[in-house]
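The structure displayed is predicted, hence computed values, not measured ones.
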Amino acid sequence: MTEKKKFHSVRGVRDILPPDSSLWNWFEQAARDTLETYNFREIRLPIFEDTELFARSVGAETDIVSKEMYTFQDQPADLESANEMGRGKAVSLRPEATASVVRAYIEHGMQTLPGLVKLYYLGPMFRRERPQKGRYRQFYQIGAEVLGQSDHPAIDAEMIEMLIVLLGRCKIESWTLLVNSIGDANCRPAYVALLREELRKVKNQLGADSQRRIDTNPLRVLDSKLAEEQAIVASLPKIADHLCDDCRNHFAELRRQLDLRSIPYTVDPRLVRGLDYYTRTTFEITSPHLGAQNALAGGGRYDGLSEMLGGPPAKCIGFALGEDRFIEVIQAAGSLDRATAGRPLDAFIVWLGAAAYPAAVRLARRLRQEGFRVEIPAEESKLKKALSLAERLGARFAIIVGDQEVAAGAYAVKRLADGEQRKLAESDVAGFLRG
RNA sequence: GUGAGCGUAGCUCAGCGGUAGAGCAUCGGACUGUGGCUCCGAGGGUCGUGGGUUCAAAUCCCAUCGCUCACCCCA
């Protein structure tokens, strides 16, 4: 009965171990710093929300909502809730965070704040997909959203600029920016109707997925990557030719805004993105250093979402970037290894003899108060062994505290890189460690 | 959900019908107050799991689970 079970992490989730965790921290700090310079502020959001929030914003018909969410009943039928409903309401682990941001915007009446509301978030998202390179069931995103009364393309362009700046900070040289406009409530319905009509004519040449999408979401057919459908997709009417004047002008201005920022881009008429709430601008940044899942970041405008969720009218644009994928690319480049490595161990305190231990403990505490990373062994060991361990732990200095040193009131501080050693009073040790 | 490849020590892998191995890592010793080098030694495995074939299976067969990559979709 005491059969031992060997636990392992659940499929699609993973541990981020040192030293990788140092790189993650570095990256998150770089992202925060970048976004803060564009005057974004952090919003901390819940990890789970009312399932209905995602269904109404992301779209009930999307893959994300229809089959990829981790959903459970909050408050199982207990005494309190059993009377009313018999069970708690459905909540889901967030598959993305834009819905939460808009919910929070509405809930806290942020439309009354002066100017544009500029928020960023970071943290884990959850989607139950089959894992592969660059895709996990618990993955990490950093996202930014601008909400307010203006939908000027300069806002869109500035968000993209911000992303490009972050890429540069991460020394990511090769990337591709794809942009498109998918119209708005004025022009998209007519285009979708036209597209559906054209698709019906070639229906029997399409795969099962695309055939189904003719009814559920014709735009997504454009996104098909099936080789045998490419010729058909290329022949379909393009949204760019069917935008209303406002959308066409908006998209033209976006391109001008990118040009004046010297940001290279490619217009991709097939970039429709999977989530229902997008309008007008859509964009994506891809990397050649990833596998099939090559999108580093993606985003777009979602001007109608606030009202769809019962809030005030709001013009919004946002993006999310995949941390896992950024990390992957940064590591592949290898150019930031030094900058992103965790701080090394500053000092390893070697104490010899029980009589010296109290002095060693006092020294460790003092150095730590000075901000040094310090290791002091719990058990005494031979000097040779202790120095060997210090070396293997990557310590910069070893500090020998034995009877002789305590008696003399000066510790032997040895720099392991070159073997230079000095006798220093306790108050002088920190200075030597800094130098 | 579908397909392909791969599962042997903590890690990287060899062995591919005949007593489970190497390198690295870990621990100890040579070396009692001065690390890195060297040498010696030790621990660590139900060969993913279950069944089958065989005198004999890590090895061949079947199933199953897991991992990886890809499809799909997305960050």
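- Comparing B:C27, B:U34, B:C73 by their closest approach to the side chain of A:E129 singles out B:C73.
- Comparing B:C27 with B:G10, their C1' atoms are spaced 13 Å from each other, to the whole Å.
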What does the list of N/O pairs under 3.5 Å between the protein and nucleotides 45-50 of chain B look like, with a distance for each?
none

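- If A:K67 and A:Q141 are placed on RNA chain B by their nearest nucleotide, the residue sitting closer to the 5' end is A:K67.
- Within the cation-pi definition used here (under 6.0 Å to the ring centroid, within 45° of the axis), A:R128 does not qualify as a partner of A:F126.
- Base pairing in RNA chain B yields stems of at least 3 consecutive Watson-Crick or G-U pairs, both distances under 3.5 Å, namely B:1-7 with B:65-71, B:10-13 with B:21-24, B:26-30 with B:38-42, B:48-52 with B:60-64.
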Per-nt protein contacts along nucleotides 64-71 of chain B (heavy atom under 4.0 Å; B base, S backbone sugar-phosphate only, - none) come out as ---S-SBB
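- Spacing of P atoms, B:G50 relative to B:A57, comes out at 14 Å, to the nearest Å.
- Whole-Å rounding puts the A:L352 CG to B:G33 C1' distance at 6 Å.
- Residue pairs meeting the ring-ring contact (aromatic ring centres under 6.0 Å, His included) criterion with at least one member in residues 271-293 of chain A, sequence neighbours excluded: A:Y277-A:Y302.
- Comparing B:A20 with B:C16, their P atoms are spaced 15 Å from each other, to the whole Å.
- For A:R213, the listed nucleotide lying nearest its side chain is B:C73; candidates were B:C73, B:U34, B:C27.
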Donor-acceptor contacts under 3.5 Å from residues 152-163 of chain A side chains, at least two apart:
{"from": "A:H152", "atom 1": "ND1", "to": "A:A154", "atom 2": "N", "distance (Å)": "2.9"}
{"from": "A:D156", "atom 1": "OD1", "to": "A:R301", "atom 2": "NE", "distance (Å)": "3.4"}
{"from": "A:D156", "atom 1": "OD1", "to": "A:R301", "atom 2": "NH2", "distance (Å)": "2.5"}
{"from": "A:D156", "atom 1": "OD2", "to": "A:T281", "atom 2": "OG1", "distance (Å)": "2.7"}
{"from": "A:D156", "atom 1": "OD2", "to": "A:R301", "atom 2": "NE", "distance (Å)": "3.1"}
{"from": "A:E161", "atom 1": "OE1", "to": "A:R261", "atom 2": "NE", "distance (Å)": "2.8"}
{"from": "A:E161", "atom 1": "OE2", "to": "A:Y38", "atom 2": "OH", "distance (Å)": "2.6"}

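- At B:C73, none of the side-chain N or O atoms of A:R137 fall inside 4.0 Å of OP1 or OP2 (strictly under the cut-off).
- Note on A:D303 versus A:K315: no salt bridge recorded, every NZ/NE/NH1/NH2 to OD/OE distance being 4.0 Å or above.
- For B:G33, the base has a donor-acceptor partner in the side chain of A:E405 [N/O atoms by modelled type, under 3.5 angstrom].
- B:G7 and B:G41: their C1' atoms are spaced 32 Å apart (whole Å).
- With respect to the salt-bridge test (charged N to carboxylate O, under 4.0 angstrom), the residues A:E107 and A:R103 qualify.
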Trace of the side-chain contact (heavy atoms from CB on, under 4.5 Å) decision for A:N180 with A:K238 = CA-CA 11 Å; A:N180 192 27; A:K238 291 185 169 45; over 6 Å; no
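- At a cut-off of 3.5 angstrom, the base of B:C74 holds no donor-acceptor pair with the side chain of A:R220.
- Atom CZ of A:R41 has 12 or fewer neighbouring heavy atoms from other residues, nucleotides or ligands inside a 6.0 Å radius.
- Taking atom CZ on A:F326 and atom C1' on B:C74, their separation rounds to 15 Å, with Å as the unit.
- Of the residues in residues 378-385 of chain A, A:K382, A:L383, A:K384, A:K385 come within less than 4.0 Å of RNA chain B through at least one heavy atom, sorted by number.
- Going from atom CZ of A:R128 over to atom P of B:C74 covers 18 Å, rounded to whole Å.
- Ring orientation note: the planes of A:W24 and A:Y140 are nearly perpendicular, at an angle over 60° on the 30°/60° scale.
- Per the geometry, CD belonging to A:E284 stands 8 Å off P belonging to B:A75, to the nearest Å.
- Between the CG atom of A:L387 and the P atom of B:G33 there is a distance of 11 Å, rounded to whole Å.
- A:R325 has no carboxylate O lying under 4.0 Å from a charged side-chain N of A:E328, or vice versa, which leaves the two without a salt bridge.
- Nucleotides B:G18 and B:A56 place their P atoms 14 Å apart, quoted to the nearest Å.
- Rounded to the nearest Å, the gap between the C1' atom of B:G28 and that of B:G43 is 10 Å.
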